[in-house]
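Everything below concerns the one structure shown next.
These figures come from a predicted structure and were not determined experimentally.
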Amino acid sequence: MQTIVRRQGGRFYGATCRWLSDMPTTQTPPPNAARGATADLCDIYITDPVDKVTHGGVQIAQPIFKDLGGKIRFSGKISTVKCFENNPLVRKTLEEDGHGRVLVVDGGGSLRCALLGDNIAEMAYKNGWDGIIIHGCIRDSEDIGKMPLGVKALNTYPLKSSKRDVGLRDVPLTFAGCNFEPGNYVYADKDGILVSKEELKAN
């Protein structure tokens with residue numbers, strides 16, 4: 001390590017440089033996609049550095065969500081619901097068999113009511129859904145946090161939603177800097193959310 005002093009406009013500025021010989025010499029273990037961790041999947045499928053603009057097939061959602069379910073790591077094929085402060089279609093969708101699927105709900109980012117409560121969440125995990133991602137709020141979070149269900153949402157709010165507007169089912173959604181298309185794949189854990197057109201598997 002060396003300190004270099006440069007003169008600019010009559011003033012001296014010091015900068016510390018780190019040579020390659022100062023860098024760690026131990027090898028990093030190879031990523032393991034079989035774990036399903038978003039960090040491992042990023043290491044395999046997003047190989048460009050962060051300062052390089054790319055248009056690859058894997059998207060990373062902005063880190064705006066809280067982990068509120070009892071299952072932190074979850075993944076599956078995307079089903080979508082678009083609604084605003086009304087959740088009848090959320091309930092109706094989660095009444096279906098959800099094995100291998102994750103429900104992504106665009107609630108418009110509303111923080112004025114909850115689109116998911118403990119009764120619907122319990123139905124979801126009993127019907128095999130792996131997880132739910134909500135661009136909005138949930139309630140009954142203490143109980144939902146004990147369920148074997150992945151749940152990510154913006155926040156919690158104790159007021160339930162209205163039931164007047166049904167909403168839209170299986171439409172493309174865009175929020176958190178990502179496009180969520182029905183039939184695409186989503187991977188989520190404590191580090192974040194990945195979206196891919198193809199299933200991400202171990203090489």
Side-chain angles (χ1 to χ4, degrees), residues 23-24 27-84 90 93-94 98-111 115-116 121 124-125 129-138 141 144-145 148-156 168-203:
M23 302 301 288
Q27 291 186 346
T28 302
N32 179 11
R35 292 198 313 140
T38 57
D40 287 323
L41 293 173
C42 278
D43 288 347
I44 294 171
Y45 292 97
I46 306 178
T47 56
D48 291 310
V50 68
D51 55 352
K52 182 177 180 181
V53 177
T54 60
H55 300 281
V58 180
Q59 307 170 76
I60 306 175
Q62 297 166 353
I64 60 176
F65 298 95
K66 295 183 178 182
D67 288 294
L68 299 169
K71 184 177 183 180
I72 299 300
R73 183 175 298 166
F74 60 97
S75 62
K77 189 172 287 190
I78 295 173
S79 294
T80 67
V81 166
K82 186 178 181 67
C83 57
F84 185 73
V90 174
T93 303
L94 294 173
H99 286 87
R101 291 197 285 167
V102 172
L103 180 63
V104 180
V105 180
D106 185 359
S110 173
L111 303 177
L115 296 176
L116 180 75
Y125 87 76
W129 289 86
D130 207 46
I132 306 166
I133 298 170
I134 299 181
H135 188 220
C137 291
I138 74 165
S141 59
I144 291 176
L149 176 72
V151 177
K152 281 183 178 283
L154 296 180
N155 217 321
T156 59
L168 300 173
R169 172 78 187 273
D170 289 328
V171 295
L173 307 177
T174 301
F175 58 83
C178 279
N179 299 316
F180 298 86
E181 299 269 355
N184 287 355
Y185 293 86
V186 65
Y187 300 82
D189 62 13
K190 207 169 187 64
D191 287 339
I193 298 172
L194 303 183
V195 181
S196 173
K197 292 183 178 181
E198 307 293 335
E199 187 175 7
L200 304 182
K201 298 180 179 179
N203 293 334

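Heavy-atom minimum distance, Glu198 versus Tyr185: C-CD1, 3.6 Å. Considering every non-hydrogen atom in both Gly107 and Phe84, the closest pair reads O-CD1, 3.4 Å.
Ile144 CD1 to Ile138 CD1: the interatomic distance, rounded to the nearest 0.5 Å, is 4.0 Å. Taken to the nearest 0.5 Å, the CD atom of Gln59 stands 11.5 Å off from the CD1 atom of Ile193. Phe180 contributes atom CZ, which lies 9.0 Å from atom CG of Asp106 (distance to the nearest 0.5 angstrom). Summarising the geometry, atom CD1 belonging to Ile72 is positioned 11.0 Å from atom CG belonging to Asp191; distances are rounded to the nearest 0.5 Å.
Proximity of Val104 to Phe175: side-chain heavy atoms (C-beta onward) are separated by under 4.5 Å at one or more points. Counting heavy atoms from C-beta outward, Asp170 and Ser79 have side chains that approach closer than 4.5 Å. The shortest distance between side-chain heavy atoms of Phe65 and Leu154 falls below 4.5 Å. Residues Asn184 and Val186 fail the side-chain proximity criterion, which asks for heavy atoms closer than 4.5 Å. Cys42 has its side chain within reach of Ile60: a pair of non-hydrogen atoms, C-beta onward, lies under 4.5 Å apart. Side chains of Val102 and Phe74 form a contact here, defined as non-hydrogen atoms less than 4.5 Å apart. Using a 4.5 Å heavy-atom threshold, the side chains of Thr80 and Pro172 count as separate.
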Checklist line | Worked verdict on Val90 versus Cys83 for side-chain contact (heavy atoms from CB on, under 4.5 Å) | finding: CA-CA 8 Å; Val90 174; Cys83 57; 4.1 Å; yes
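A distance-only check finds no donor-acceptor pair linking the side chain of Tyr45 to the backbone of Ser196 [under 3.5 Å]. When atom types are taken as modelled, the side chain of Lys152 and the backbone of Asp189 share a donor-acceptor pair closer than 3.5 angstrom. At distances below 3.5 Å, not a single donor-acceptor pair connects side-chain atoms of Ser110 with backbone N or O atoms of Gly136. For Glu181 (side chain) and Lys197 (main-chain N/O), no donor-acceptor pair under 3.5 Å exists by modelled atom type.
Between Arg101 and Asp130, none of the side-chain N atoms (NZ, or NE/NH1/NH2) sits under 4.0 Å from a carboxylate O, so this pair counts as no salt bridge.
Within 6.0 Å of NZ in Lys71 there are more than 12 heavy atoms belonging to other residues, nucleotides or ligands.
With sequence neighbours excluded, the residues that form a side chain to side chain contact (heavy atoms under 4.5 Å, CB included) with Ala124 are Leu94, Trp129, Ile132, Leu149.
Of the candidates Leu200, Leu41, Val195, Thr38, Val58 forms a side chain to side chain contact (heavy atoms under 4.5 Å, CB included) with just one, namely Leu200.
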